[in-house]
Amino acid sequence: MINTAFSLVWLRNDLRVYDNQALFEACQAGLPVVALFVATPDSWQQHVMAPMKQDFIRRRVQQLQTELAALNIPLLAIEGSNYSAIPELMQRLIDTGAEALYGHTEYELRERVRDDKVSATFANAGKPSFWFDRKAVMPPGSILSKTGGIYQIFTPFKKTWLARLREAGIRCFSKPKMMPDIKLQLPELPLMKQGDGSSSAYVVDELHILEQMRQFCRDKAAYYQTERDFPALDGTSSLSAYLAIGVVSAQQCISRLQLEAANDWDREKSGAAVWLSELVWRDFYHHILMAFPELIKHKAFQKDTDGIVWPNNLALFQAWCEGQTGYPIVDAAMRQLNQTGWMHNRLRMIVASFLVKDLHIDWRWGEQYFMSKLIDGDFAANNGGWQWAASTGTDAAPYFRIFNPVTQSERFDPDGVFIKRMLPELADVPKKQIHWPHPLPMWSDYVKPVVDHSKARLKTLELFHTVKKPQDVLDHE
DNA sequence: TGCTCTTTTAC
DNA sequence: TAAAAGAGC
């Protein structure tokens, strides 16, 4: 059988038509282009990927098939199992006419191993593979201190990052040109299955999503600084799920922000600048992950903190997971996660602090639980966030910074609007008691608090003192 | 992007 | 007397 030669674009966390460098370059190269996506539920399971995220990916890939078909680019969506079967699949595509591979690099360990093997498969067949580093805006390793070191503190990292943005700007790639309509012979492979529909609250149409992003930059970014901390408001971009699977890129967000927010993005403490900061955090954690490969194995960044023996009470962990701790803000937040696959960022900090510093459970348990539920789960950001909250990470909160869940609740959900939305059993509690409705009004069957915060706080200080410089105490005696 | 206890300051 | 400021965790 004589096959037509083609370029293969392997899509993973870059499920978009616009600003897709791998797709763009392949289309520029001359040969017909075939896009490939391989669903790998066994590997996803290993990564504890949320079922909702899996469904979201499947729905997006189906939609992308239509969007690419309009450009005469066939998207071969395959049902696979795990990463180890992919080199063999690639060999079959090489045998059918794949002349070159185009893709975006990923930063996690198993993904890098997988991609190295696929590159080798192409190399063995005498075919090139082209990898583009576009997950972070400034590729890991590109933002370094004056002495060439890796920044471990966010603020100086951000300073250098912003200077780079000012001098180099952002490049986005346009939609690829229409390709000639050529019928290709492709191998018979199991076609990707449909998901369970659990992510249906999220649209998957790319232009629709880009429009949401534009609207945020145009109408809401200016208020981000003042509204983002209040979970009862719709003050955040809500783009995290799309960023996580690459329906939009951070580069597109920043370019659009620069267009819509004029010079505000570079004005200290403006809404646009604060939102941009959040995107810089995303880059920061990608840099850190690539510079410290141990992190992928869930090692604490601050090594001494791995000496802490966490009590890990199973019943307390379960209460946290189910939103049954008796702390309304914590329970409301956990129910938001369980029901929607998403949690407001302020609440992520509160429940993370609570799990570690009130329930004394290893931050890795929370990290994993988040991944198992989040539609926007991303290793680097999730691990970075958890280690920050647990005071074990880079630029971490000092260990003695312990959120008081009731104070946080009063500050960020002052009228209890969010709490009441998620906890109908507290609907009739007066505002003044909503943050701490104990002892309970007799009509309510809300759960009693599982721990006493002030005692738990002291216990946390003790736990950290077991690993933080005990010699200081001896020296002074 | 802390909390809590203590001391100081303003009225 | 209470808000503001300071210190230590």
Side-chain angles (χ1 to χ4, degrees), chain A residues 151-159 161 223-233 235-237 240 268-285 288 301-302 304-305 308 327 329-330 333 343-360 363 366-367 370 381-414 418 435-436 449 451-477:
Chain A
Y151 286 113
Q152 299 180 27
I153 306 289
F154 177 70
T155 308
F157 174 87
K158 179 180 152 186
K159 211 175 148 221
W161 191 100
Y223 306 100
Y224 183 75
Q225 155 79 340
T226 48
E227 298 199 351
R228 63 169 181 149
D229 267 324
F230 300 94
L233 305 179
T236 67
S237 72
S240 56
E268 193 94 14
K269 289 185 179 169
S270 73
V274 173
W275 189 57
L276 179 59
S277 258
E278 296 303 315
L279 292 168
V280 181
W281 271 106
R282 186 175 171 279
D283 267 23
F284 178 62
Y285 285 136
I288 292 290
F301 188 84
Q302 311 253 350
D304 53 356
T305 63
I308 296 174
Y327 285 75
I329 194 70
V330 172
M343 192 194 288
H344 189 281
N345 191 55
R346 165 57 53 181
L347 301 174
R348 295 189 198 203
M349 292 190 275
I350 295 174
V351 302
S353 178
F354 190 79
L355 182 75
V356 175
K357 293 175 179 175
D358 284 89
L359 303 183
H360 310 122
W363 55 271
E367 180 196 14
F370 264 34
N382 190 51
N383 178 273
W386 271 95
Q387 294 222 46
W388 179 87
S391 306
T392 68
T394 44
D395 199 13
Y399 68 88
F400 45 77
R401 183 184 288 166
I402 297 167
F403 282 18
N404 180 324
V406 176
T407 309
Q408 290 282 315
S409 183
E410 288 164 351
R411 193 177 299 162
F412 298 115
D413 189 27
F418 176 77
H435 309 286
W436 189 248
V451 290
D452 176 288
H453 171 69
S454 57
K455 282 184 194 146
R457 177 176 172 277
L458 295 174
K459 167 84 175 169
T460 294
L461 293 174
E462 267 177 49
L463 284 172
F464 275 92
H465 288 151
T466 60
V467 300
K468 295 282 177 191
K469 301 177 191 167
Q471 71 274 13
D472 284 359
V473 179
L474 295 176
D475 285 346
H476 293 289
E477 288 194 337

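Proteins get letters first, then strands, A, B, ... in listed order; numbering begins at 1 in each. Everything quoted here is computed from the prediction, not taken from an experiment.
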Looking at A:Val330, A:Val451, A:Thr460, which one forms a side-chain contact (heavy atoms from CB on, under 4.5 Å) with A:Leu359?
A:Val451

Whether A:His360 side chain and A:Ala456 backbone form a donor-acceptor pair below 3.5 Å
yes

Solution key, residues 393-405 of chain A side-chain donor-acceptor pairs under 3.5 Å, sequence neighbours excluded:
residue: A:Asp395; atom: OD2; partner: A:Phe154; partner atom: N; Å: 3.1
residue: A:Tyr399; atom: OH; partner: A:His465; partner atom: NE2; Å: 3.2
residue: A:Asn404; atom: OD1; partner: A:Val406; partner atom: N; Å: 2.9
residue: A:Asn404; atom: OD1; partner: A:Thr407; partner atom: N; Å: 3.3
residue: A:Asn404; atom: ND2; partner: A:Thr407; partner atom: OG1; Å: 3.4

I'd like a table of atom pairs between the protein and nucleotides 2-5 of chain B - only N or O on both sides, under 3.5 Å - with the distance next to each one.
residue: B:dG2; atom: OP2; partner: A:Arg401; partner atom: NE; Å: 2.4
residue: B:dG2; atom: OP2; partner: A:Arg401; partner atom: NH1; Å: 2.2
residue: B:dG2; atom: OP2; partner: A:Arg401; partner atom: NH2; Å: 2.9
residue: B:dG2; atom: O5'; partner: A:Arg401; partner atom: NE; Å: 3.3
residue: B:dG2; atom: N2; partner: A:Phe400; partner atom: O; Å: 2.8
residue: B:dC3; atom: OP1; partner: A:Asn404; partner atom: N; Å: 3.2
residue: B:dC3; atom: OP2; partner: A:Arg411; partner atom: NH2; Å: 2.9
residue: B:dT4; atom: OP1; partner: A:Asn404; partner atom: ND2; Å: 3.3

In whole Å, I'd like the distance from the CD1 atom of A:Ile153 to the C1' atom of B:dT1.
14 Å

Does the side chain of A:Asn383 pick up a donor-acceptor pair with the side chain of A:Glu367 at under 3.5 Å?
yes

Are A:Thr392 and A:Gln302 close enough that a side-chain donor and a side-chain acceptor fall under 3.5 Å?
no

Which pair of non-hydrogen atoms, one from A:Tyr224 and one from A:Thr236, has the smallest distance, and what is that distance?
CE1-CA, 4.0 Å

Please give, in whole Å, the distance from B:dT1 C1' to A:Ile350 CD1?
11 Å

Protein-nucleotide distance (A:Trp281, atom CH2; B:dT1, atom P), rounded to Å
12 Å

Specify the separation, in whole Å, of atom OH of A:Tyr285 and atom C1' of B:dT1.
11 Å

Output the rounded distance in Å from NZ (A:Lys357) to C1' (B:dT1).
12 Å

